[in-house]
Amino acid sequence: MCGHPNFLENFDLNTKETINLLAIESSCDDTSAAVLIDGKVVANITATQLDHEKYGGVVPEVASRQHNIHIGMVVKEALDKAGIAPIDLHAVGVTQGPGLMGSLVVGVAFAKSLALGLDVPLIGVHHMHAHILAHLIDEPKPEFPFLCLTVSGGHTQLVVIRSYKEMEILGTTIDDAAGEAFDKTGKMLGLPYPAGPHIDRLAALGNPVFTFSKAQMPDFDFSFSGFKTSVLYFLQNQTQKDQDFIKNNLNDLCASIQMTIIDMLTAKLIRAVKSTGITRVAIAGGVSANRGLRNKLTELATIHGWDLFIPSFEYCTDNAAMIGINAYFKYLDQNFETQDMTADPRLAF
Ligand code: KG4
Ligand code: ZN
């Protein structure tokens with residue numbers, strides 16, 4: 001990590017100058033730009049790519065082409081909304097990884113060019129750190145240390161957060177992520193991609209009357225492949241007997257799938273609280289938008305006396321505001337990148 005040579009000559013954190021920061025997120029299929037003034041989010045604009053629905057999943061080539069189309073307009077809209085001209089920016093933050101290479105490259109190349117042209121620092125942000133640090137955007141903010149269950153389309157992690165840059169992964173998935181478990185089982189039910197929000201909606205209309213297998217993983221790790229296979233075999237079996245089985249039981253199937261995933265996630269969270277003694281508990285990532293998960297955690301927090309932190313819906317799925325808050329902390333630490341920074345699909349945590 002190196003400083004920005006010209007900028008650092010004049011870098012003085014004691015100046016009372018307002019810090020205008022632009023953040024860009026393009027790790028998967030959402031193109032997002034945010035503007036933060038002194039760490040406060042004043043614009044957070046996201047273009048969601050709808051093309052993937054017809055392919056039943058994110059097609060990397062399509063995603064990067066769509067980022068190319070959207071990125072300039074999304075950045076302009078965020079700047080306009082914030083009332084900030086590019087020349088007034090003090091730094092540009094961007095998701096460096098992990099994510100899809102072709103998607104990340106669009107955001108990283110755009111951010112590098114902008115930082116170079118404006119002669120301001122470039123800041124690289126880890127996408128999964130950012131999901132967690134979204135909790136530090138608005139009040140109430142968890143004090144350190146806190147535990148976070150980060151559940152997205154690509155990751156499932158249980159993390160201890162000791163400061164904005166000291167994070168320890170206690171457990172992770174050994175196969176599918178929780179969001180994938182929603183999306184893949186939802187696909188078996190004929191639901192559009194991403195199926196998570198559809199399962200969430202339909203589950204509220206049904207009852208969890210079906211039982212699927214839950215992996216018994218050691219320690220704090222997760223596994224969803226056995227569960228996925230058990231849903232597949234169950235559906236194959238039932239539709240052999242009644243070809244309308246899925247149609248006639250859709251809401252109950254969604255409720256049962258959702259409850260099984262939630263049970264697997266919360267079992268590990270309870271274990272992590274017991275083992276660490278940390279009772280400040282947060283959830284993050286796209287799956288944290290799930291109402292069943294939110295309700296279950298609210299119940300658990302009351303039973304076990306946890307301080308529970310649930311992000312607003314705006315900050316659950318991918319967004320640039322979360323990249324911005326992480327970039328802002330890095331800005332205060334003068335933790336900058338040079339122009340040789342590259343997008344890294346497997347960026348280490
Ligand atoms: O964090 P995110 O936007 O992107 C990644 O970094 O992966 O997460 C996307 C994932 C998808 O798998 C989507 O189905 C899931 O989050 N998701 C949900 C809900 N909203 C989004 N899963 C369950 N219930 C929801 N309401
Ligand atoms: Zn994400």
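Order of appearance sets the numbers: ligands from 1, and atoms from 1 within every ligand. All values below were derived from every heavy atom in this structure, side-chain atoms included, with hydrogens, water molecules and symmetry-related copies excluded.
- Protein heavy atom in closest approach to atom 3 (O) of ligand 1: Asp318 N, 3.1 Å.
- For Phe182, no nitrogen or oxygen atom sits less than 3.5 Å from a nitrogen or oxygen atom of ligand 1, counting backbone and side chain alike.
- Exactly one residue among His131, His129, His155 makes a ring pair (Phe, Tyr, Trp, His ring centres under 6.0 Å) with Phe349. That residue is His129.
- At the shortest separation from atom 19 (C) of ligand 1 among protein heavy atoms lies Gly286 O, 3.6 Å.
- At least one heavy atom of His131 sits less than 4.0 Å from an atom of ligand 1.
- No hydrogens or angles considered: a donor-acceptor pair under 3.5 Å links the side chains of Asp175 and Ser223.
- The nearest protein atom to atom 26 (N) of ligand 1, hydrogens excluded, is given as Asp200 OD2, 2.8 Å; this is a heavy-atom distance.
- Here the Zn ion (ligand 2) has protein N, O or S atoms under 2.8 Å from it, and they come to 3.
- Environment of CZ in Arg65: sparse, with no more than 12 heavy atoms of neighbouring residues, nucleotides or ligands closer than 6.0 Å.
- Of all protein heavy atoms, the one closest to atom 24 (N) of ligand 1 is Asn290 ND2, 3.0 Å.
- For the residue pair Ser64 and Gln66, no side-chain donor N or O sits within less than 3.5 Å of a side-chain acceptor on the partner.
- Judged purely by distance below 3.5 Å, without hydrogens or angles, the side chains of His127 and Glu25 pair a donor atom with an acceptor atom.
- When hydrophobic side chains of Ile, Leu, Val, Met, Phe, Trp and Tyr are connected at separations under 4.5 Å, Tyr193 ends up clustered with Val58, Leu100.
- In summary, the side chains of Thr338 and Asp340 do present a donor paired with an acceptor at a separation below 3.5 Å, with no hydrogens or angles considered.
- Between Asp307 and Arg280, no side-chain nitrogen of the basic residue sits less than 4.0 Å from a carboxylate oxygen of the acidic one, so the salt-bridge criterion is not met.
- Contact annotation for Thr317 and ligand 1: heavy atoms of both the backbone and the side chain come within less than 4.0 Å of the ligand.
- In this structure, Pro197 is part of the shell of residues with a heavy atom less than 4.0 angstrom from ligand 1.
- A salt bridge does not link Lys187 to Asp183: none of the charged side-chain nitrogens sits closer than 4.0 Å to a carboxylate oxygen.
- Salt-bridge check for Asp333 with Lys165: passed, with a basic side-chain N closer than 4.0 Å to an acidic carboxylate O.
- Nearest to atom 11 (C) of ligand 1 among the protein's heavy atoms is Asp183 OD2, 3.5 Å.
- Relative to atom 10 (C) of ligand 1, the option among Gly153, Gly285, Pro194, Gly196 with the closest non-hydrogen atom is Gly153.
- Counting heavy atoms closer than 4.0 Å to ligand 1, residue His155 contributes nothing at all.
- Of the polar atoms of Glu180, none of the N or O atoms is found under 3.5 Å from an N or O of ligand 1, judged by distance alone.
- For His198, the side chain to side chain contact (heavy atoms under 4.5 Å, CB included) partners at least two apart in sequence or on another chain are Leu191, Pro192, Arg201.
- Residue Ile45 shares its hydrophobic cluster (ILVMFWY side chains chained together at separations under 4.5 Å) with Val74.
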